[in-house]
Amino acid sequence: MVKTEDLIDAQAVAGLLRLSHTNSVSTYLRRYPDMPRPVLDLGAGRPRLWLRPQVVRWMRARQSEQLSVGGES
């Protein structure tokens, strides 16, 4: 069951990922195949919604990977 308070739009995803534009979320979806996909996508020009916990987990995993890769240099 999905908690409605966990649903976030592209603007909130951009905010979590510290992206300056909501359009960058679409770029991330193409660039990173492991990025969580929207749980609701009503098509072009229509709302897309993600689950906040999934996006936060993905973001933290990427940060951990970047720190471990950065530490190996």
Side-chain angles (χ1 to χ4, degrees):
M1 186 159 125
V2 173
K3 295 180 185 176
T4 56
E5 61 268 18
D6 286 341
L7 293 171
I8 57 174
D9 62 6
Q11 183 175 2
V13 172
L16 283 172
L17 300 177
R18 297 184 180 166
L19 302 174
S20 54
H21 302 285
T22 57
N23 291 345
S24 298
V25 174
S26 294
T27 302
Y28 266 50
L29 285 169
R30 287 189 301 275
R31 185 177 296 162
Y32 302 108
D34 62 330
M35 181 179 174
R37 299 299 176 215
V39 293
L40 176 69
D41 186 345
L42 297 177
R46 306 275 316 271
R48 291 185 298 175
L49 299 175
W50 286 258
L51 285 171
R52 180 187 310 270
Q54 290 179 355
V55 175
V56 169
R57 257 191 316 275
W58 181 79
M59 177 184 69
R60 288 181 179 156
R62 286 199 46 80
Q63 289 170 343
S64 294
E65 289 172 15
Q66 290 172 349
L67 287 175
S68 65
V69 170
E72 292 176 4
S73 327

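Please read these numbers as outputs of a predicted model, since none were measured by experiment.
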Just distance, no hydrogens or angles: give the donor-acceptor pairs under 3.5 Å from side chains in residues 52-60, sequence neighbours left out.
from : atom 1 : to  : atom 2 : distance (Å)
W58  : NE1    : D34 : O      : 3.4
W58  : NE1    : D34 : OD1    : 3.3
W58  : NE1    : D34 : OD2    : 3.2

Cluster overlap L40 with L7, hydrophobic side-chain contacts below 4.5 Å:
yes
Membership question, hydrophobic clusters at under 4.5 Å side-chain separation (ILVMFWY): are L42 and L49 in the same one?
yes
Exercise answer: donor-acceptor pairs, residues 8-32 side-chain atoms, under 3.5 Å, sequence neighbours excluded:
from : atom 1 : to  : atom 2 : distance (Å)
D9   : OD1    : Q11 : N      : 3.3
D9   : OD1    : A12 : N      : 3.0
S24  : OG     : H21 : O      : 3.4
S26  : OG     : R48 : NH2    : 3.0
Y32  : OH     : R62 : NH2    : 3.4

